[in-house]
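To find a chain, count down the sequence lines: A is the first, B the second, and so on, and within it residues start at 1. Note: hydrogens, waters and symmetry copies are ignored here, and every other heavy atom, side chains too, is used.
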Amino acid sequence: MNGKHIQKLGFEKRAIKLALDAANLREDTGASRQEILDELQAVQNNPTGYLAGGVYAELAAELHEQDQKVVSRQSAALRATPLPYRVWGEDLIDPGAHDQMDVAMRLPVSRAGALMPDAHVGYGLPIGGVLATENAVIPYGVGVDIGCSMMLSVLPMAPGALGTDEARSLLIKHTRFGAGVAFEKRDRLDHEVLHDPAWKEQPLLRHLHPKAAEQIGTSGSGNHFVEFGTLTLKAPDLDLEPGEYLAVLSHSGSRGFGAQVAGHFTTLAQKLHPNLDRAAQKLAWLPLDTHEGEAYWQAMNLAGRYALANHEQIHGRLARALGLKPAAQVSNSHNLAWKQQHGGRELIVHRKGATPAEAGRLGLIPGSMADPGFVVRGRGVEAALSSASHGAGRQLGRKAAINSLAKKDVQAYLEGRGITLIGGGIDEAPQAYKRIEEVIARQSDLVDVVAEFQPRVVRMDTGSEDI
DNA sequence: ATGTCC
C-alpha cells in the first residue's frame, strides 16, 4: 500500500497522509489491500458516517472539512440584479411570485429561468417557477411534495356507461385520502418501486421504507384528487379514435416519504449555507458533486418514481374493479429536477409546479374540481426551458378562500357543471383558482392541446371547511 | 404537502 493507491481513489492534500496512516494500521491488523481500499472508498463516500470514532475518524474529519470548504466557496453573495427570465401570462401573476423568482435568479448557481402563467407564491421558489442551475440542486426548488404528479387512464368504455353512484362507490372503496393515511395490511399491493436498491443505500431511505410501503396507492390531502370524467378527443391521437371516453384522472405525490426527504435535505442545505442572504435562505442548494447533493438526487428520484407508482396503484385498483385495461395512459411529474441540456451545457432544471413540455412530450394540466383539465403536447420552447404550467394556479390563498367564498356559490358552481364531490373543502373551490381557459391561452406557444377532460365524480380529502 | 420536530 502506498500513496499512489490512495491518490488513485481521489484523496487530496492532508487526506492522503491520513488515509495512508489508517491503511497502515489496518494492514497491521491483517486486512488485505482490497479490503482497505474498499473501506477507504466507503469513508470517502460518506465521511460523516465515520466521524464518531475508529481508525478512519481523523481521515473522515479531514474529508468532511474539505467538503465544507467546497460548499462555502460556492456560498458567494447573491447577484446584484436578477438574470433575465421570461414570463408567460404576466397579467395573471401576482407580484409576490415575481419577487420570489427575482431572488432565485440572483443566486450564484442560477443560469436561466421562466415563470409559468399559473405562478403564485410558494416556499422559496414560486409555484409555477422553472429554475436552471449549474452543478446545484435546490430542495425547495423542487418543493415539499417531491415527485408530485398527474396520471390519466383512458378506459375503453363510454362515459355514460358508468353510473354516478357506481363511480362514487368505486372511489370510496379503492382510494384513501388524508394526511397520515395508509392502507390496511390486507389491502396493500406490492410494487417494484418498493424493491428499488436505492432504499438500502441511505440510512434515511432505509428508515422511510416502511412508511412508503404502507402509504403506496394513497392520495393524501390538499389539492390531491382522484376523479372519473369524460375525455373528449377531437382528432386521432394517443393511439385512439376521436370520441368520448370514460377516463380516470389523479393528482398525487410522494406522501410522507417525500415530505420527510424534502425536510431532511432542506435543513441540510440551509446548514451548509449559513451565510446565504436571508432573502434566499429557503433557496439553499446542495452542490451536485458532493455526497449531500448526490444523496438528495438519489432520494429525489426515488420519490419521483414512488409518486408515479402511487398513481399506478390507484389506477390499477379502479381499472381492475371495472374489469378493464386502460386503452391509453399519460403521466408526468411536475415537482422535480431534471438534468437538461440548455445553451450547450448540462443544467439542473427545477420544475416546481411546472409540466415538462419538451417537443412531442405529453403532459396533463388540470383545471379544478369542476373545471376541465387538458392533455397537452409540448413544443420544446427553449426560453421556457421546455416547460408549461402545472394547473390553473391559485388566485386565492387557502385562508382567503375560506373567508371570502360562500358555500352556496361553490355548490351552485358544482351543480352547474354536474359535479358529484366526495370530500373537498372551500379552500379547493373552483373559485379559488385562476380560469384554466385563460391559463391555457397564455401558453399556446408552449403546448398544443390534444384532448379535454371534464371531471364528473371527484374525490378529495375532507377540507377544513366543507362545501 | 405533511400527522404539522427524527
*Asks:* Using OP1 and OP2 only, check whether a side-chain N or O of A:R255 sits under 4.0 Å from B:dT2.
*Replies:* yes
*Asks:* Could you pick out which residue, A:H207 or A:E428, lies toward the 5' side of DNA chain B when each is mapped onto its nearest nucleotide?
*Replies:* A:E428
*Asks:* Rounded to whole Å, please give me the gap between NE2 in A:H390 and P in B:dA1.
*Replies:* 8 Å
*Asks:* Given atom CZ of A:R398 and atom C1' of B:dT2, what is their separation to the nearest angstrom?
*Replies:* 12 Å
*Asks:* Rounded to whole angstrom units, what separation is found between the CG atom of A:N310 and the C1' atom of B:dA1?
*Replies:* 13 Å
*Asks:* Given B:dA1, is OP1 or OP2 found less than 4.0 Å from the side-chain N or O atoms of A:N335?
*Replies:* no
*Asks:* So does A:D466 pair up with A:K407, basic N to acidic O under 4.0 Å?
*Replies:* no
*Asks:* Mind checking A:S254 for me? I need base, sugar-phosphate or nothing, with any heavy atom below 4.0 Å counting as a touch.
*Replies:* nothing
*Asks:* Could you tell me the separation between the CD atom of A:Q215 and the P atom of B:dA1, rounded to a whole number of Å?
*Replies:* 15 Å
*Asks:* Which pairs with one or both residues in residues 176-185 of chain A pass salt bridge (Lys or Arg N to Asp or Glu O under 4.0 Å), sequence neighbours excluded?
*Replies:* A:R176-A:E184, A:R176-A:D187
*Asks:* Can you name the closest pair of heavy atoms from A:N335 and A:K352 and give their distance?
*Replies:* OD1-C, 3.8 Å
*Asks:* In whole angstrom, what separates A:L336's CG from B:dA1's P?
*Replies:* 17 Å
*Asks:* Using a 4.0 Å heavy-atom cut-off, does A:H224 contact any base of the nucleic acid, only the sugar-phosphate backbone, or nothing at all?
*Replies:* sugar-phosphate
*Asks:* Measure the distance from CG on A:D461 to P on B:dA1 and round it to the nearest whole Å.
*Replies:* 10 Å
*Asks:* Could you state the atom-to-atom distance from CZ of A:F265 to C1' of B:dC5 in whole Å?
*Replies:* 18 Å
*Asks:* Rounded to the nearest Å, what distance is computed from the CG atom of residue A:D427 to the C1' atom of nucleotide B:dA1?
*Replies:* 13 Å
*Asks:* Reckon A:R206 has a side-chain N or O less than 4.0 Å from the OP1 or OP2 of B:dC6?
*Replies:* no
*Asks:* Contact class for A:Y123 (heavy atom, under 4.0 Å): base, sugar-phosphate, or nothing?
*Replies:* base
*Asks:* Side-chain N or O of A:Q260 less than 4.0 angstrom from OP1 or OP2 on B:dT4?
*Replies:* no
*Asks:* What does A:K211 touch in the nucleic acid at a heavy-atom separation under 4.0 angstrom: a base, only the sugar-phosphate, or nothing?
*Replies:* sugar-phosphate
*Asks:* Think A:S221 has a side-chain N or O under 4.0 angstrom from the OP1 or OP2 of B:dT2?
*Replies:* yes
*Asks:* Looking for any heavy atom pair under 4.0 Å, which part of the strands does A:G220 touch: base, sugar-phosphate only, or nothing?
*Replies:* sugar-phosphate
*Asks:* Measure across A:S387 and A:L446 and return the closest heavy-atom pair with its distance rounded to 0.1 Å.
*Replies:* O-CD1, 3.4 Å
*Asks:* Would A:R459 and A:F225 count as a cation-pi pair here, with the cationic atom under 6.0 angstrom from the ring centre and within 45° of the axis?
*Replies:* no
